[in-house]
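Take a look at the structure below.
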Amino acid sequence: TRSTRPQRMLKAVQKNATKGNPQSVISAIDYFCKNSEWAMNVGDEKGSILDSVVTEVNPSTVLELGTYCGYSTVRIARLLSPGTKLITLEFNPAYAAVARQIIAYAGLQDKVTLVEGSSGEWIPQIKERFGITTFDFIFLDHWKDQYLPDIKLFEECGLLRKGSVLLADNVICPGAPDYLEYVRNSPRYESRYYPAHLEYTKLEDGLEKSVFLG
Ligand SMILES: CNc1ncnc2c1ncn2[C@@H]1O[C@H](/C=C/CNC(=O)c2cc(-c3ccc(F)cc3)cc(O)c2O)[C@@H](O)[C@H]1O
Ligand SMILES: [Mg+2]
């Protein structure tokens with residue numbers, strides 16, 4: 001049967017990137033998406049903003065919602081301090097399988113815990129299962145209508161502390177209007193919009209960074 005787009009993306013990484021070199025994996029995926037097939041990775045423009053926020057926060061505890069093929073997982077993990085690991089949640093087994101291979105090809109498997117399951121099911125279990133009290137940095141890039149329910153779940157589960165940083169992809173395209181309204185109007189968050197473009201296109205999109213105020 002015909003291969004899937006994530007499988008073709010993985011082949012492009014194995015063909016064009018250098019094993020153990022995260023930057024070459026990032027470049028190979030961006031090249032594939034610009035020249036062969038568009039895919040919903042955060043991309044290079046928004047990815048550079050993601051890099052700068054991760055570097056600024058220098059987090060000890062990191063969570064990503066929506067691994068997909070692992071592009072942003074690789075971008076984040078390559079910047080973490082030695083000994084720091086990130087948890088990424090992905091409920092589609094086929095995507096998770098590709099992501100594991102792309103993360104491993106980058107040589108970052110020891111810095112990543114990929115959990116196959118849904119955020120709604122797993123967020124309430126993180127404290128006990130991973131011995132984490134709060135997250136320093138959270139990247140939201142899963143179903144856009146799940147951003148708001150999941151940020152509320154973070155609050156309910158006590159997973160945020162004063163200064164926790166949440167960064168959300170696609171707040172314009174496809175958009176997460178209810179999430180934006182919440183973080184921009186809640187007294188518990190200090191929010192800022194980073195304008196950019198939808199990955200690999202000229203369409204407007206951007207990232208919303210929200211700092212929990214406690
Ligand atoms: C709800 N809880 C969840 N828990 C764990 N994993 C979850 C998940 N929801 C979704 N996922 C996974 O995240 C990924 C979903 C991401 C959804 N992203 C988008 O829809 C998206 C879509 C676009 C897009 C923009 C314009 C356009 F014309 C077409 C697409 C661009 C993006 O950057 C996007 O992130 C998948 O791998 C899915 O299996
Ligand atoms: Mg996205």
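First listed ligand is number 1; within each ligand, the first listed atom is number 1.
Within the 4.0 Å heavy-atom criterion, neither part of Asp150 lies near ligand 1. Contacts with ligand 1 closer than 4.0 Å are made by side-chain heavy atoms of Asn170 only, the backbone lying farther away. Under 4.0 angstrom from ligand 1, there are no non-hydrogen atoms of Asp205. Residue Trp122 does not touch ligand 1, judged by heavy-atom distances below 4.0 Å.
In this structure, Thr73 OG1 and Tyr68 OH are separated by 12.5 Å, a value rounded to the nearest 0.5 Å. A distance of 6.5 Å separates OH in Tyr182 from CD1 in Ile151, rounded to the nearest 0.5 Å. Between Ile132 atom CD1 and Thr61 atom OG1 the span is 6.0 Å, to the nearest 0.5 Å. For the atom pair Leu159 CG and Thr134 OG1, the distance stands at 8.0 Å (nearest 0.5 Å).
The protein non-hydrogen atom at the shortest distance from atom 6 (N) of ligand 1 is Phe91 N, 3.2 Å. Remark: minimum distance from atom 10 (C) of ligand 1 to any protein heavy atom is reached at Trp143 CD2, 3.4 Å. Among protein heavy atoms, atom 22 (C) of ligand 1 sits closest to Pro174 CG, 3.6 Å. For atom 30 (C) of ligand 1, the closest heavy atom belonging to the protein is Trp38 CH2, 3.6 Å. With respect to atom 25 (C) of ligand 1, the closest heavy atom belonging to the protein is Leu198 CD1, 3.6 Å. Distance from atom 4 (N) of ligand 1 to its nearest protein heavy atom, with residue and atom name: Ser119 N, 3.0 Å. In terms of protein heavy atoms, atom 1 (C) of ligand 1 is closest to Gln146 CG, 3.5 Å. Protein heavy atom in closest approach to atom 37 (O) of ligand 1: Glu90 OE1, 2.6 Å.
Taking 4.5 Å as the limit, some side-chain heavy atom of Glu116 sits within range of a side-chain heavy atom of Arg100. A 4.5 Å side-chain heavy-atom check between Lys34 and Glu199 finds every atom pair outside the cut-off. Side-chain contact between Phe137 and Leu166 is absent, with no heavy atoms from C-beta onward closer than 4.5 Å. The shortest distance between side-chain heavy atoms of Asp141 and Leu65 does not fall below 4.5 Å. In this structure the side chain of Lys46 never reaches within 4.5 angstrom of the side chain of Tyr194, judged on heavy atoms.
Atoms of ligand 1 lying under 4.0 Å from at least one heavy atom of Ser118, given by number and element, are 4 (N), 5 (C). Interface atoms of ligand 1 facing Asn92, defined by a heavy-atom separation under 4.0 Å, are 39 (O). Near Glu199, with a cut-off below 4.0 Å to any heavy atom, the atoms of ligand 1 are 31 (C), 32 (C), 33 (O). The ligand atoms of ligand 1 that sit less than 4.0 angstrom from a heavy atom of Asp169 are 33 (O). Taking a cut-off of under 4.0 Å to the non-hydrogen atoms of Tyr68, the atoms of ligand 1 that pass are 37 (O). Below 4.0 Å from some heavy atom of Gly117 lie the following atoms of ligand 1, by number and element: 4 (N), 5 (C).
Salt bridge Glu155/Arg188: present, at least one basic N to carboxylate O contact under 4.0 Å. For Lys144 and Asp169, the salt-bridge test fails: no basic side-chain N is under 4.0 Å from an acidic carboxylate O.
Between the Asp136 side chain and the Ser60 main chain, a donor and an acceptor come within less than 3.5 Å of each other.
The presence of a protein heavy atom under 4.0 Å from atom 33 (O) of ligand 1 is confirmed. The presence of a protein heavy atom under 4.0 Å from atom 27 (C) of ligand 1 is ruled out.
Figure legend: Arg184 and Tyr193 shown as a cation-pi pair, the cationic atom lying under 6.0 angstrom from the six-membered ring centre and within 45 degrees of its axis.
Using a 4.0 Å heavy-atom cutoff, Gly120 is absent from the residues neighbouring ligand 1.
Side-chain contact, Tyr200 with Asp44: no donor N or O sits under 3.5 Å from an acceptor N or O. Between the side chains of Ser210 and Glu190, no donor-acceptor pair of N or O atoms lies under 3.5 Å.
Checked by distance only, ligand 1 and Lys144 come closer than 3.5 Å through their nitrogen or oxygen atoms. The shortest N/O to N/O separation between Asn41 and ligand 1 does not fall below 3.5 Å.
Between the OD2 atom of Asp169 and the OD1 atom of Asn170, the angle centred on the Mg ion (ligand 2) amounts to 80° when rounded to 10°.
In terms of distance to the Mg ion (ligand 2), the nearest N, O or S atom of Asp141 is named OD1.
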